[in-house]
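Here the structure is laid out as structure tokens; the discussion comes afterwards.
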Amino acid sequence: MAKKEKTTEENLVIVESPAKAKTIEKFLGKDFLVKSSFGHIRDLAKKDFGIDLEHNYQPQYVVSEDKKEVVKELKSLAKSAGVVWLASDEDREGEAIAWHLSEVLDLKQDKTRRIVFHEITKDAILRAIDTPRDIDTNLVNAQQARRVLDRLVGFELSPVLWKKVKPSLSAGRVQSVAVRLLVEREREIFDFKADSAFRVSAVFTISNNGKKSDFKAELNHRFKTLDEAREFLNKCVGADFEVQSVVKKPSVKTPAAPFTTSTLQQEAARKLGFSVGQTMSVAQKLYEAGKITYMRTDSVNLAKSAVSAVVASIKSELGDEYVKVRQYKTKAKGAQEAHEAIRPTYPDKSSVTGSAQEQKLYDLIYKRTKASQMSDALIEKTTVNISVNNEKYQFVANGEVVKFDGFLRVYIESSDNEEDEESASFLPPMKEKDSVDLKKLESRQRFSQKPARYSEASLVRKLEELGIGRPSTYAPTISTIQQRGYAVKEDRPGTPRAYQFLWMEKGDIRHEEKTEMANAERNKLFPTDIAMVVNDFLISYFPNVVSYDFTAKVEQEFDEIAMGKVEWQKAIDDFYKPFHHQVEETLEKSDRTTGERILGEDPKTGKPVSVRIGRFGPMAQLGSSEDEEKPRYAPLTREQHIETITFEEALKLFDLPRDLGTYEDKKVVVGVGRFGPYVRHDGKFASLKKGIDDPMTIDLPRAIELIEEKRERDNKKTIKTFEEDKDLQVLNGRWGPYISYKKKNYKIPKDQEAAALSYQDCLKLVEEGDKTKKTKKVTATKTTGVKKSTAKKKSGSTGKKKSTASAAKTKSKSAK
DNA sequence: CAGTGAGCGAGCTTCCGCTTGACTT
């Protein structure tokens with residue numbers, strides 16, 4: 001619309017993001033037209049590697065399908081512009097984007113300028129315009145090396161996996177290390193033997209001028225055995241307790257740095273329960289609405305103007321003593337700092353309109369930004385030691401008093417470790433030699449914690465720490481490893497565990513054995529057997545590529561290229577020659593890997609029992625394929641692993657399918673299938689509840705419950721059926737009502753009430769639906785592609801969440 | 001969506017980093 005009056009424009013500025021373009025256009029005024037390239041416009045061709053191995057790794061670039069339209073428009077605008085300003089980000093990828101643009105748009109050097117800025121403020125932009133430079137060819141070459149290396153690794157390694165492990169698998173510089181982290185942590189957990197000790201805790205009472213107050217304390221020793229603990233508790237009964245020392249120590253707490261992509265993902269996961277993907281899509285909304293700065297960043301810097309705005313708002317709301325201007329330094333390896341930290345565009349705006357999720361995430365960003373420029377909190381820590389007669393062990397009480405809250409007034413960073421939060425409490429005034437009374441005394445057996453499994457966000461943090469991956473790829477990487485079946489994100493309910501408990505009651509020490517649920521997990525990433533087999537394979541044949549410092553090493557190479565010290569093709573050649581040799585040798589020499597373990601012989605038949613990865617995942621096998629009789633097969637349950645399953649457990653799998661009896665005169669059978677454990681009844685399947693039901697132990701009443709639940713759901717799903725044609729149904733789906741007819745689905749227009757549709761109405765809609773499908777032939781082929789991938793997603797546990805998220809997206813869009 | 005576990009073997013899959021829509025069953 002505005003384009004027409006601007007065709008005579010002197011200046012065309014090209015940035016990466018359309019939201020950025022909008023903002024910058026306002027700063028630059030009417031002599032400048034600002035457009036966006038939507039990120040990279042070209043990439044290596046998909047077929048034949050996209051790299052000419054015969055000719056010095058010459059990259060074969062093609063304009064991406066979804067960028068053709070953009071490129072066409074930019075090309076024509078560039079033609080009529082006096083000067084084209086390439087304003088992509090100031091990092092390796094941004095430099096490459098500028099170069100690709102100049103190539104594809106055929107820009108003449110004398111009318112092209114390269115400009116950069118790290119923050120979207122008027123000053124920064126105007127300064128950039130005043131100080132243009134040329135495209136940095138060395139930096140571009142470093143990016144080409146990065147791109148080519150990733151393609152070589154990914155497209156040579158993946159096919160090896162297809163041949164040696166399973167089709168459609170993938171490997172890459174980033175994802176394979178992510179999988180390795182999960183697998184190695186899982187094995188630490190396999191090997192972990194929980195230790196236990198008896199902690200002793202007490203509640204004491206102290207009288208101050210007739211006023212009694214209670215406080216908690218813990219013994220500074222943990223007993224190995226129940227008897228030792230009991231002996232000590234007995235000594236405490238009727239003993240004298242005296243304050244030995246009261247030590248006060250001041251301490252300070254400092255605020256955390258402003259958000260980067262990674263820290264935002266972590267905090268949003270801990271405080272708001274968002275997945276990393278969810279955080280990014282909510283942040284994108286806020287960014288597009290102009291409410292926050294760019295959300296894919298590794299920088300903790302704030303623009304000067306932002307700092308002054310934050311400081312002004314702290315001063316006016318809380319006073320000068322709450323202000324402390326701070327400059328943060330990034331700790332992340334290989335950070336490129338092309339943008340600012342993530343902050344509110346207008347830091348004095350404490351809230352925004354929008355969805356509940358947007359408001360919550362904004363609140364987090366607002367507070368973190370503000371707190372980052374606030375004073376330290378001053379804390380006084382008090383440690384009180386209390387003696388028990390003349391025993392060598394003493395009770396210790398810890399107290400914490402906030403003398404000055406500082407940034408804590410606004411924002412407290414959370415921690416993954418829940419145990420951190422226990423200790424701090426308020427202590428009543430005490431002094432040496434005060435005597436105190438024992439009010440409560442107990443000792444509980446505590447087990448050491450196994451290593452923690454990764455959550456999405458903690459895996460991102462680890463990758464960032466290792467310098468692997470970029471802000472724009474953290475979320476996609478996490479979803480890739482789940483889509484490929486290397487990891488599942490889920491809850492595990494834990495297992496009951498007995499523990500010993502001692503307590504004082506009426507002057508006696510009593511003992512009881514109690515049970516707790518141990519090792520429960522919520523929303524954690526679990527590596528699959530496939531992940532373990534693939535990881536072991538890669539480590540044994542390509543240890544260099546999946547090593548934790550591979551990325552760091554190649555980054556050093558890229559830096560050398562960027563400084564013009566090394567030619568990029570030379571660096572690639574040094575890597576590729578031996579790597580390609582490794583690939584060929586592996587193809588030739590390695591066997592197919594299935595992770596097979598032979599567990600023993602079936603006592604009934606004498607046939608071998610083994611476990612391995614089959615066509616459809618981990619399974620157990622009874623008998624060998626050389627036998628005349630066909631072997632029996634059974635899939636492993638999701639908690640079982642090829643590596644850890646015992647002979648007995650594997651043997652049990654062949655007890656399925658199990659007959660539970662009859663219900664309504666029809667057989668009820670329980671088994672494990674493609675989609676996990678199920679109950680079958682009257683030709684219908686009902687899934688067992690993850691973590692609640694066990695196919696080995698489930699009984700008939702529970703099975704009937706599941707069957708009834710499933711019936712209930714099916715009833716809700718069906719809105720209408722028709723006597724005229726059994727194939728035609730109006731159903732309730734994830735995206736609202738739709739028509740199902742002969743295995744195909746059809747939309748119902750928004751203005752029609754689904755329940756009120758007649759048989760004729762439905763037929764009409766089906767007819768119309770078929771028509772539009774035919775006219776959109778190009779999109780029809782596309783849709784089948786999409787279908788496939790969503791079907792894949794469904795089999796992973798993330799499927800459900802993803803689709804609800806996209807459902808929400810659709811809703812909010814149609815609402816606008 | 002449903003209980004499979006290839007000696008005929010087509011043709012496909014796959015990487016990492018930049019960016020947003022598209023559009024569902």
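Below, all heavy atoms of this structure are taken into account, side chains as well, without hydrogens, waters or symmetry copies. Naming: A, B, ... by sequence-line order, numbering from 1 per chain.
- In this structure, the nucleotide among B:dG17, B:dT19, B:dA6 sitting nearest to the side chain of A:Lys67 is B:dT19.
- Among the heavy atoms of the strands lying under 4.0 Å from A:Gly614 is at least one base atom, whether or not backbone atoms are also near.
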Can you name the atoms? Protein N/O to nucleotides 8-12 of chain B N/O, anything below 3.5 Å, with the distance.
none

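- Note on A:Lys630: only backbone sugar-phosphate atoms sit closer than 4.0 angstrom, heavy atoms only; bases stay farther off.
- The interatomic distance linking A:Met280 (CE) with B:dG17 (P) rounds to 14 Å, in whole Å.
- Atom CD of A:Glu288 and atom P of B:dA22 are 12 Å apart (whole Å).
- Rounded to a whole Å, the CD atom of A:Glu93 is 13 Å from the C1' atom of B:dC15.
- Taking only side-chain nitrogens and oxygens, A:Ser158 never comes nearer than 4.0 Å to OP1 or OP2 of B:dC15.
- Note on ring orientation: taking the six-membered ring where Trp is involved, the planes of A:Phe575 and A:Phe579 are parallel (angle under 30°, cut-offs 30° and 60°).
- Considering all non-hydrogen atoms of both residues, A:Val15 and A:Ile24 come closest at CG1-CD1, 3.9 Å.
- Remark: A:Lys667 does not engage A:Asp682 in a salt bridge, criterion side-chain N to carboxylate O under 4.0 Å.
- For the pair A:Leu44 CG and B:dC15 P, the interatomic distance rounds to 14 Å; values are reported in whole Å.
- Comparing the P positions of B:dT20 and B:dT24 gives a spacing of 23 Å, expressed to the nearest Å.
- Residue A:Gln284 places at least one side-chain N or O closer than 4.0 Å to OP1 or OP2 of B:dT20.
- Residue A:Arg173 places its side chain closer to B:dC16 than to any other of B:dT4, B:dT20, B:dC16.
- With hydrogens and angles left out, the side-chain atoms of A:Arg632 and A:Gln621 include no donor and acceptor closer than 3.5 Å.
- Mapping A:Pro635 and A:Thr480 onto DNA chain B by nearest heavy atom places A:Pro635 closer to the 5' end of the strand.
- Minimum atom distance to the side chain of A:Arg470 is reached by B:dC18, of the listed B:dC16, B:dC15, B:dC18.
- B:dG17 atom C1' lies 14 Å from atom CZ of A:Phe155, rounded to whole Å.
- Closest contact between the side chain of A:Arg147 and the listed nucleotides B:dT4, B:dC15, B:dC18 involves B:dC15.
- Ranking B:dC18, B:dA2, B:dC15 by closeness to the A:Phe685 side chain, first place goes to B:dA2.
- For A:Ser176 and A:Tyr294, each mapped to the nucleotide of DNA chain B holding its nearest heavy atom, the one lying further toward the 5' end belongs to A:Ser176.
- Here A:His339 contributes atom NE2 and A:Ser299 contributes atom OG; the two are 9.5 Å apart, rounded to the nearest 0.5 Å.
- When the nucleotides B:dT4, B:dC18, B:dC16 are ranked by their closest atom to the side chain of A:Val174, B:dC16 comes out on top.
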Show every donor-acceptor pair shorter than 3.5 Å between a side-chain atom in residues 95-104 of chain A and any protein atom, with sequence neighbours excluded, or say none if there are none.
unit_1, atom_1, unit_2, atom_2, d
A:Glu95, OE1, A:Arg114, NE, 3.1
A:Glu95, OE1, A:Arg114, NH2, 2.8
A:Glu95, OE1, A:Arg133, NH2, 3.2
A:Glu95, OE2, A:Arg114, NE, 3.4
A:Glu95, OE2, A:Arg133, NH1, 3.0
A:Glu95, OE2, A:Asp136, N, 2.8
A:His100, ND1, A:Arg42, NE, 3.0
A:His100, ND1, A:Arg42, NH2, 2.9
A:Ser102, OG, A:Trp99, O, 2.8

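- Checked against B:dC15, B:dG17, B:dT13, the side chain of A:Trp162 finds its nearest nucleotide in B:dT13.
- Rounded to an integer number of Å, the gap from A:His40 NE2 to B:dC16 P is 14 Å.
- Between the CZ atom in A:Arg658 and the CE atom in A:Met696 there is a gap of 8.0 Å [rounded to 0.5 Å].
- Considering only the side chain of A:Arg615, B:dA6 comes nearest among B:dC18, B:dC15, B:dA6.
- Taking the charged nitrogens against the carboxylate oxygens, A:Lys333 and A:Glu555 have no contact shorter than 4.0 Å, which rules out a salt bridge.
- For B:dC16, neither phosphate oxygen OP1 nor OP2 lies less than 4.0 angstrom from any side-chain nitrogen or oxygen of A:Thr473.
- Residue A:Arg680 places its CZ atom among 12 or fewer non-hydrogen atoms of other residues, nucleotides or ligands, all under 6.0 Å distant.
- Computed from coordinates, the A:Phe38 CZ to B:dG21 P distance equals 6 Å when rounded to whole Å.
- Remark: DNA chain B forms no stem of 3 or more consecutive Watson-Crick or G-U wobble pairs with all pair distances under 3.5 Å.
- Surrounding NZ of A:Lys652 are at most 12 heavy atoms belonging to other residues, nucleotides or ligands under 6.0 Å away.
- In this structure, the nucleotide among B:dC18, B:dC16, B:dT19 sitting nearest to the side chain of A:Arg146 is B:dC16.
- A donor-acceptor pair is defined here as one N or O able to donate and one able to accept, closer than 3.5 Å; such a pair exists between the side chain of A:Asp693 and the backbone of A:Lys689.
- If you check every strand for non-hydrogen atoms under 4.0 Å, A:Phe49 touches nothing.
- Across all strands shown, A:Gly94 has no heavy atoms under 4.0 Å from either base or sugar-phosphate atoms.
- Among the atoms of the strands shown, only primed sugar atoms or phosphate atoms (P, OP1, OP2) are found under 4.0 Å from some heavy atom of A:Ser170.
- In this structure, A:Phe550 atom CZ and B:dC15 atom C1' are separated by 12 Å, rounded to whole Å.
- When heavy atoms are screened at a 4.0 angstrom cut-off, A:Gln621 is found touching no nucleic acid atom at all.
- Among the atoms of the strands shown, none is found under 4.0 Å from any heavy atom of A:Ala96.
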